[in-house]
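Report on the following structure.
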Amino acid sequence: MYEFSVSKDDSGKILYEDLIEAAQALVANEPDTIANMANISALIWQYVSDLNWAGFYRVIDGELVLGPFQGKSACIRIAMGKGVCGAAAETGETQRIADVHAFPGHIACDAESRSELVIPIFGGDQVIAVLDLDSPIKERFSPEDQAGLERLIDTISSSLS
C-alpha cells in the first residue's frame, strides 16, 4: 500500500513536483508496463480534480489500443490521426483542447467530456502510448497542468515502455 501527500498551492492547484515524486515511487523497481500505467492512471485520478477519465492508449500494430484507465468504459481502438488521442500520437505533440466539441474529428467516447489533455509517451524517437485526460468542464486544463503532466510523463516514461 502506498500513501502519498500531494500538496496544493493557495489557489487549490496541485503541486506537480509532489505528484511526480509519488509517480516515481510507484514505478520504482517495477518492470511491468501495464502495472505502471494502472498505478499512474489511479494516481492522477486521485489527485487531479475535475476529471471524468484518466488513462492510457498504447500503440499496437499502428493504432491506439485502450490501456489501463480510471473512469467510464472507453473506446477500445483509435486510428492514428483520428480524434485528440490520434492527433497526439501521430504528431508527437501534446494536445490541450479547451472544447472537444470544436475539435475536428473529435471521438466522443463519453458525451460528457468537454475538454481534453493528451500527452504522447516516447520510447526512443517513437510514440509508444498516450496519456489521455478528459474533463466535463470546458477549458479545464491550464498551461501549468500541461507542463506539470508533461514533466511527470517525461520523468517516468522509461517505466511505461
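When a residue number appears, it is its place in the shown sequence, counting from 1.
Scored by the side-chain contact (heavy atoms from CB on, under 4.5 Å) test, Ala74 finds Trp53, Tyr57, Leu66 as partners (sequence neighbours excluded). The side-chain contact (heavy atoms from CB on, under 4.5 Å) check on Tyr47 picks up Phe4, Val6, Leu19, Leu43, with sequence neighbours excluded. For Thr94, the side-chain contact (heavy atoms from CB on, under 4.5 Å) test picks out Leu117, Ile119, Pro120, Gln146, Glu150, with sequence neighbours left out. Residues meeting the salt bridge (Lys or Arg N to Asp or Glu O under 4.0 Å) test with Glu139, sequence neighbours left out: none. Arg58 is linked by a side chain to side chain donor-acceptor pair (under 3.5 Å) to nothing, counting only residues two or more places apart in sequence or in another chain. Not counting sequence neighbours, Tyr16 has no partner by the ring-ring contact (aromatic ring centres under 6.0 Å, His included) test. Residues that satisfy the salt bridge (Lys or Arg N to Asp or Glu O under 4.0 Å) test with Asp50, not counting sequence neighbours, are absent from this structure. For Thr91, the side-chain contact (heavy atoms from CB on, under 4.5 Å) partners two or more places apart in sequence, or in a different chain, are Glu93, Gln95.
The other residues sharing a hydrophobic cluster with Ile60 are Val65, where clustering joins ILVMFWY side chains under 4.5 Å apart.
Screening residues 59-71 for salt bridge (charged side-chain N to carboxylate O under 4.0 Å, His left out), with sequence neighbours left out, gives Glu63-Arg77. Sorted by first and then second residue, the pairs that involve residues 18-30 and meet side chain to side chain donor-acceptor pair (under 3.5 Å), not counting sequence neighbours, are Ser7-Asp18. Counting only residues at least two apart or on different chains, the salt bridge (charged side-chain N to carboxylate O under 4.0 Å, His left out) pairs with a member in residues 151-161 are Glu17-Arg151.
In plain terms, the two heavy atoms of Gly55 and Ser41 that are nearest each other are CA-CB, 4.0 Å. Considering all non-hydrogen atoms of both residues, Ile78 and Gly86 come closest at CG2-N, 4.2 Å. Residues Ser161 and Ile128 approach most closely at CB-CD1, 3.0 Å, considering heavy atoms. For the pair Ser113 and Val100, the tightest heavy-atom approach, listed with the atom from each and the gap, is O-CG2, 3.4 Å.
To the nearest 0.5 angstrom, Met37 atom CE is 14.5 Å from Leu26 atom CG. Here Asp132 contributes atom CG and Leu51 contributes atom CG; the two are 10.0 Å apart, rounded to the nearest 0.5 Å. Atoms NZ and NE2, from Lys138 and His101 in turn, are 7.5 Å apart once rounded to the nearest 0.5 Å. Of the inter-residue distances, the one linking Leu64 atom CG with Cys85 atom SG reads 6.5 Å to the nearest 0.5 angstrom. A distance of 10.5 Å separates OG of Ser115 from CZ of Arg96, quoted to the nearest 0.5 Å. Distance check: Asp99 CG to Ile137 CD1 gives 13.5 Å after rounding to the nearest 0.5 Å.
One N or O on the side chain of Asn36 and one on the backbone of Ser159 form a donor-acceptor pair closer than 3.5 Å.
Residues Ile153 and Leu160 meet the side-chain proximity criterion, which asks for heavy atoms closer than 4.5 Å. At least one side-chain heavy atom of Leu133 sits under 4.5 Å from a side-chain heavy atom of Ile44. Residues Phe122 and Ser157 form no side-chain contact, since every pair of their non-hydrogen atoms from C-beta on lies 4.5 Å or further apart. Side-chain contact between Lys72 and Asn52 is absent, with no heavy-atom pair separated by less than 4.5 Å. Side-chain atoms of Arg140 and Asp145, non-hydrogen and from C-beta on, do get closer than 4.5 Å to each other.
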